[in-house]
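To start, the structure under review is shown below, and the notes come after it.
Letters A, B, ... mirror the listed sequences (proteins, then strands); counts begin at 1. Just so it is clear, the model here is predicted, and its values are computed rather than measured.
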4 protein chains.
Amino acid sequence: MTGSTGPRGRIDKRQAILDAAFTVFARRGYAQTCVQEIAEVAGAAKPTVYNHFQDKEALFLEAMAAAGETVMARNLAIVDDIHSPKGDLGPLLERIAHQLAQSCCEERSRALRALTYAEVNHFPNLLETVYGRTANRLAEALAGKLAQLSLAGRLRTCDPAAASEQFLALLTAPMETRSRLGTRKVPAAEAKAVAKTAVDTFLRAYGTTTTNRKAA
Amino acid sequence: MTGSTGPRGRIDKRQAILDAAFTVFARRGYAQTCVQEIAEVAGAAKPTVYNHFQDKEALFLEAMAAAGETVMARNLAIVDDIHSPKGDLGPLLERIAHQLAQSCCEERSRALRALTYAEVNHFPNLLETVYGRTANRLAEALAGKLAQLSLAGRLRTCDPAAASEQFLALLTAPMETRSRLGTRKVPAAEAKAVAKTAVDTFLRAYGTTTTNRKAA
Amino acid sequence: MTGSTGPRGRIDKRQAILDAAFTVFARRGYAQTCVQEIAEVAGAAKPTVYNHFQDKEALFLEAMAAAGETVMARNLAIVDDIHSPKGDLGPLLERIAHQLAQSCCEERSRALRALTYAEVNHFPNLLETVYGRTANRLAEALAGKLAQLSLAGRLRTCDPAAASEQFLALLTAPMETRSRLGTRKVPAAEAKAVAKTAVDTFLRAYGTTTTNRKAA
Amino acid sequence: MTGSTGPRGRIDKRQAILDAAFTVFARRGYAQTCVQEIAEVAGAAKPTVYNHFQDKEALFLEAMAAAGETVMARNLAIVDDIHSPKGDLGPLLERIAHQLAQSCCEERSRALRALTYAEVNHFPNLLETVYGRTANRLAEALAGKLAQLSLAGRLRTCDPAAASEQFLALLTAPMETRSRLGTRKVPAAEAKAVAKTAVDTFLRAYGTTTTNRKAA
DNA sequence: TATGAATGAGCATTCATTCAT
DNA sequence: AATGAATGAATGCTCATTCAT
């Protein structure tokens with residue numbers, strides 16, 4: 001017995017609306033999205049949407065924040081796997097890089113970026129609620145890990161923030177191009193190659209002799 | 001003598017509308033833009049807009065293509081300045097990098113990217129008419145230059161396309177972050193620092209001993 | 001007690017819009033009619049019109065069909081009164097003719113004809129949905145009655161369809177002229193005279209000796 | 001020498017516009033017609049139309065009047081052929097009837113009727129300038145001829161106006177139906193049959209023994 | 001005279017939002 | 001809480017008409 005459907009129903013409905021909202025916003029953009037379609041996708045009536053959210057703007061911001069939360073959690077989990085390995089650093093970083101590449105190409109992630117980009121003029125809050133909590137947060141987490149590797153002597157002494165920024169740059173920018181702004185699915189092999197090339201360049205720039213790169 | 005203003009009126013009006021259109025589309029996004037505002041900014045009446053362009057979509061696409069043309073021309077001109085210098089490669093690349101960084105942060109450039117990103121689902125043509133003619137074209141031009149440097153022994157043997165892709169990645173992605181998706185003007189000093197760091201990493205990864213980097 | 005006004009509201013509104021639509025279309029013609037005026041006449045807001053009908057075209061077609069339905073019902077009822085009388089056929093036919101003359105001069109009927117005539121090029125469907133269900137249907141019903149009279153020996157043997165066609169022609173065409181295409185109300189006396197002359201000619205052409213016309 | 005093309009050109013242009021106007025008005029109806037299309041069909045520019053005619057309304061009225069003139073002339077010519085024949089009246093009337101049937105089915109004629117019908121509310125003048133000069137005028141001319149036949153003893157004593165009215169009614173109303181309001185071309189054979197049936201009924205009602213009908 | 005260009009006014013249609021149930 | 005119905009406010013687009021050449 002899961003209990004009465006009363007309070008549970010509400011929560012589910014609210015969540016369903018949030019999910020539907022992000023889906024439709026992602027598909028059409030903010031202005032082209034009509035609340036009617038969100039309601040339909042959520043399996044609710046239009047007024048129900050307004051019972052849960054103040055208006056279209058609020059719904060958009062909440063849906064974006066929620067999606068940002070999800071994306072960030074996944075990315076942080078990936079980065080959190082970084083540790084100072086006993087052997088080569090390369091394979092570890094490549095695995096991480098590949099996972100991040102996959103993650104940033106996934107639909108929700110792409111939509112989040114596109115919507116933020118498109119609407120940041122109209123909703124400056126997105127910078128904090130979304131960008132700050134995803135891109136920035138990820139860069140910080142990665143910087144932390146890189147600092148540890150640096151202290152452990154596995155990377156040369158450097159500004160971890162800059163290193164993190166460049167690691168992500170070498171990863172995300174090429175993936176963006178390869179996916180044609182997200183309109184094309186990047187084959188796993190290509191994503192792996194991008195990750196490998198990124199790590200290769202990264203280690204050439206930031207590695208130490210103890211990094212034990214193959215090339216060394 | 002600039003000639004009579006007679007026939008000029010037409011061309012100027014059309015151009016004025018195109019310019020106004022890009023300005024307003026950049027400010028508001030495609031759907032939030034109303035033709036009325038474009039007309040006002042262009043100093044014309046609404047029907048005049050429709051005399052020159054089929055409809056809002058066509059106007060958007062033409063305005064985007066024109067802006068893409070402009071942006072591309074500037075970027076290509078910057079890259080075209082690359083040559084095999086007698087002395088250090090570093091200063092040359094840093095100058096190029098700085099100019100590109102400035103260029104990609106400039107308003108038109110940013111708006112073009114944001115609008116393409118936001119509307120590529122609705123107007124798949126943008127991929128060709130805008131993205132292909134700006135980002136891709138720039139990457140190709142840079143790859144050509146890097147290939148020459150490689151042949152000249154100033155860069156290690158490498159895949160010039162990959163090198164180009166990474167050079168641009170190290171430049172544009174950090175600038176994107178620093179400018180907070182274009183909502184903040186990046187100080188010249190910061191842009192210069194980004195350029196320097198990018199070139200530093202690039203040369204560590206792709207330079208040769210004859211590159212004569214300071215660090216060497 | 002007519003019951004709660006709750007669910008009625010919907011049906012009434014829709015009907016009110018249909019009625020208003022026909023009124024305004026009749027007054028102005030299809031293209032000159034603006035939905036705004038229909039809404040006003042119906043006591044509704046413009047979007048309400050669009051909640052009930054797909055678009056202006058659909059509204060027009062439904063309003064025409066509904067009006068056709070009404071007109072047809074009345075005309076069929078009139079014709080249905082024809083029977084084989086014991087005495088003279090003349091008075092009966094004259095009564096019927098007079099009623100039909102009145103009916104086809106009435107505003108709704110005239111408007112239906114005029115609108116069908118005017119828009120049949122743009123809405124070929126009108127031929128079926130309106131013309132077929134009014135003019136044609138009436139002619140068929142009358143033909144049936146005339147066939148019965150013929151079998152009863154009250155009319156000479158003839159093609160009932162042709163007789164029906166001519167009976168109606170003798171009635172409607174003159175009424176059309178007399179009413180100046182519907183811009184003038186035909187006095188009852190004049191309508192009666194038209195009916196009488198029509199029946200007179202009809203019986204001269206189709207009557208038998210047992211018809212017992214005065215002239216006989 | 002036909003002289004300079006100056007004044008001639010103007011006249012031709014004006015006529016071309018009038019013709020084009022009627023063509024397009026007939027095709028689309030008054031309100032749906034845009035001056036642009038008239039200009040195109042006439043091979044002129046829009047302002048040229050306004051150089052010749054005050055505005056759209058004036059153009060419409062003139063085009064209608066001109067078309068009415070043409071139609072009337074043809075119909076009067078047909079009726080004018082009626083004379084008191086030596087032999088049977090039937091064949092003569094049938095020939096006349098057939099010609100009138102053809103004439104009233106012809107495109108210009110139909111369009112004139114439909115447009116008058118549709119716009120008589122908006123342009124009451126049409127009643128005089130068009131209807132009066134076509135339908136009424138035709139009925140009068142025919143009445144004159146029938147009066148002569150009556151005096152000549154070839155038709156029974158009667159009200160010639162009523163006889164004329166009914167003759168035309170028996171002709172035009174069925175043709176209207178058969179042509180599905182002008183959307184279908186009535187085959188010559190069918191038109192001939194309608195004419196024959198009309199004349200048959202007419203002579204049964206208005207003929208005399210000297211009419212020498214076959215049936216007699 | 002004829003015309004390319006420009007415009008004021010208007011209209012169908014959509015949509016976010018609110019009532020009444 | 002959820003919804004069918006209703007609406008005020010926009011917005012894209014068209015068209016009759018007028019300038020300026």
Atom pair [atom1] ([X]) and [atom2] ([Y]), whose distance is rounded to the nearest 0.5 Å:
X: A:Thr23; Y: A:Glu37; atom1: OG1; atom2: CD; value: 10.0 Å
X: D:Leu61; Y: D:Leu126; atom1: CG; atom2: CG; value: 5.5 Å
X: A:Glu128; Y: A:Asn125; atom1: CD; atom2: CG; value: 6.0 Å

Taking the side chain from B:Arg108 and the backbone from B:Ala67, do they hold a donor-acceptor pair closer than 3.5 Å?
no
Taking atom types as they are modelled, is there a donor-acceptor pair under 3.5 Å from the base of E:dT13 to the side chain of C:Lys46?
yes
Whether the side chain of A:Asn51 and the base of F:dA1 hold a donor-acceptor pair under 3.5 Å is what I'd like checked.
no
Looking at F:dG12, E:dT7, F:dA16, which one has an atom nearest to any side-chain atom of B:Lys13?
E:dT7
Salt bridge A:Arg14-A:Glu62, side-chain N to carboxylate O under 4.0 Å:
yes
State whether C:Glu119 and D:Arg28 are salt-bridged, where the test is any N-O pair (Lys NZ or Arg NE/NH1/NH2 against Asp/Glu carboxylate O) under 4.0 Å.
no
What stems show up for DNA chain E when you take Watson-Crick pairs (N1-N3 plus N6-O4 or O6-N4) and G-U wobbles (N1-O2, O6-N3), both under 3.5 Å, and require three or more consecutive pairs?
E:2-21 with F:2-21
Assign each of C:Gly43 and D:Lys56 to its nearest nucleotide of DNA chain F by heavy atoms, then name whichever residue's nucleotide is nearer the 5' end.
C:Gly43
Side-chain N or O of C:His52 less than 4.0 angstrom from OP1 or OP2 on F:dA6?
yes
